[in-house]
Amino acid sequence: MTSVLPVRGRLLDGTHLWGRYTIRPVGRTMWSSRTLVVFPPGTNAGERLLLQAWHVWPAVGALIALVALVPSVSMPASGTTTALVSYGGGFVGLARTTRRLRPRVRSVTVTTFLGDGRPEVHGDERRPSR
């Protein structure tokens with residue numbers, strides 16, 4: 001079975017069933033990074049969806065809180081409370097539902113600094129010996 005999914009599955013699960021590989025190219029700071037995240041064996045679609053939600057919640061939760069805050073211009077205290085409860089509630093709910101799964105997820109990040117004329121690599125880019 002291949003790990004590459006059709007479009008509908010890619011939207012829900014990401015590109016690969018086993019985890020994700022993220023590349024952040026060199027920016028103004030002269031740093032680039034690569035992150036490999038591997039889910040534990042046997043992770044089902046629902047668990048992958050929860051892990052993905054945990055990963056994107058800081059940005060998505062902030063957007064949801066902002067949307068909750070906008071209509072409450074006339075009552076700022078109530079809107080602020082709603083925004084904070086929705087943002088914090090998302091963290092609490094996702095933390096509780098993924099608490100047994102998150103410790104088994106493995107990740108490694110390697111960053112490279114390209115500003116001194118030769119690359120400086122930070123992080124464990126090699127597989128650890130056993």
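Side chains are part of it too, since the values below use all heavy atoms of this structure and drop only hydrogens, waters and symmetry mates.
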Check: Should Leu114 and Ile23 be regarded as members of a common hydrophobic cluster, given that ILVMFWY residues are connected when their side-chain heavy atoms come within less than 4.5 Å of each other, either directly or indirectly?
Finding: no
Say whether Trp57 and Leu101 are linked into one hydrophobic cluster, either directly or through other cluster members, by side-chain heavy-atom distances under 4.5 angstrom. no
* Asked: More than 12 non-hydrogen atoms from neighbouring residues, nucleotides or ligands closer than 6.0 Å to CZ on Arg102, yes or no?
  -> yes
Evaluation steps, side-chain contact (heavy atoms from CB on, under 4.5 Å), between Val37 and Phe39: CA-CA 7 Å; Val37 176; Phe39 300 146; 4.2 Å; yes
Exactly one candidate in Thr43, Thr98, Val38, Leu51 meets side chain to side chain contact (heavy atoms under 4.5 Å, CB included) with Val105; the answer is Leu51
For the residue pair Trp54 and Phe91, categorise the inter-ring angle as parallel (less than 30°), tilted (30 to 60°) or perpendicular (more than 60°). perpendicular
Given 3.5 Å as the limit, does a donor-acceptor pair link the side chain of Arg96 with the main chain of Gly93, or not?
no
* Asked: Is there a donor-acceptor pair under 3.5 Å between the side chain of Arg106 and the backbone N or O of Pro103?
  -> yes
If I compare all heavy atoms of [X] with all of [Y], which pair ends up nearest, and what's the gap?
X     : Y     : result
Glu47 : Gly42 : OE1-O, 4.0 Å
Pro58 : Tyr87 : O-OH, 3.4 Å
Ala65 : Ser86 : CA-OG, 4.0 Å

### Task
Under the side-chain contact (heavy atoms from CB on, under 4.5 Å) rule, what do Thr112 and Arg34 come out as? Steps first, then yes or no, please.
CA-CA 9 Å; Thr112 306; Arg34 297 174 304 276; 3.8 Å; yes
Trp31 versus His122: any side-chain heavy-atom pair under 4.5 Å? yes
Exercise for the section: Using only heavy-atom distances, determine whether the side chains of Thr109 and Thr35 contain a donor-acceptor pair under 3.5 Å. Expected result: yes
inquiry  = Between Leu50 and Gln52, is the side-chain contact (heavy atoms from CB on, under 4.5 Å) condition met? List the steps.
reply    = CA-CA 5 Å; Leu50 285 171; Gln52 180 69 12; over 6 Å; no
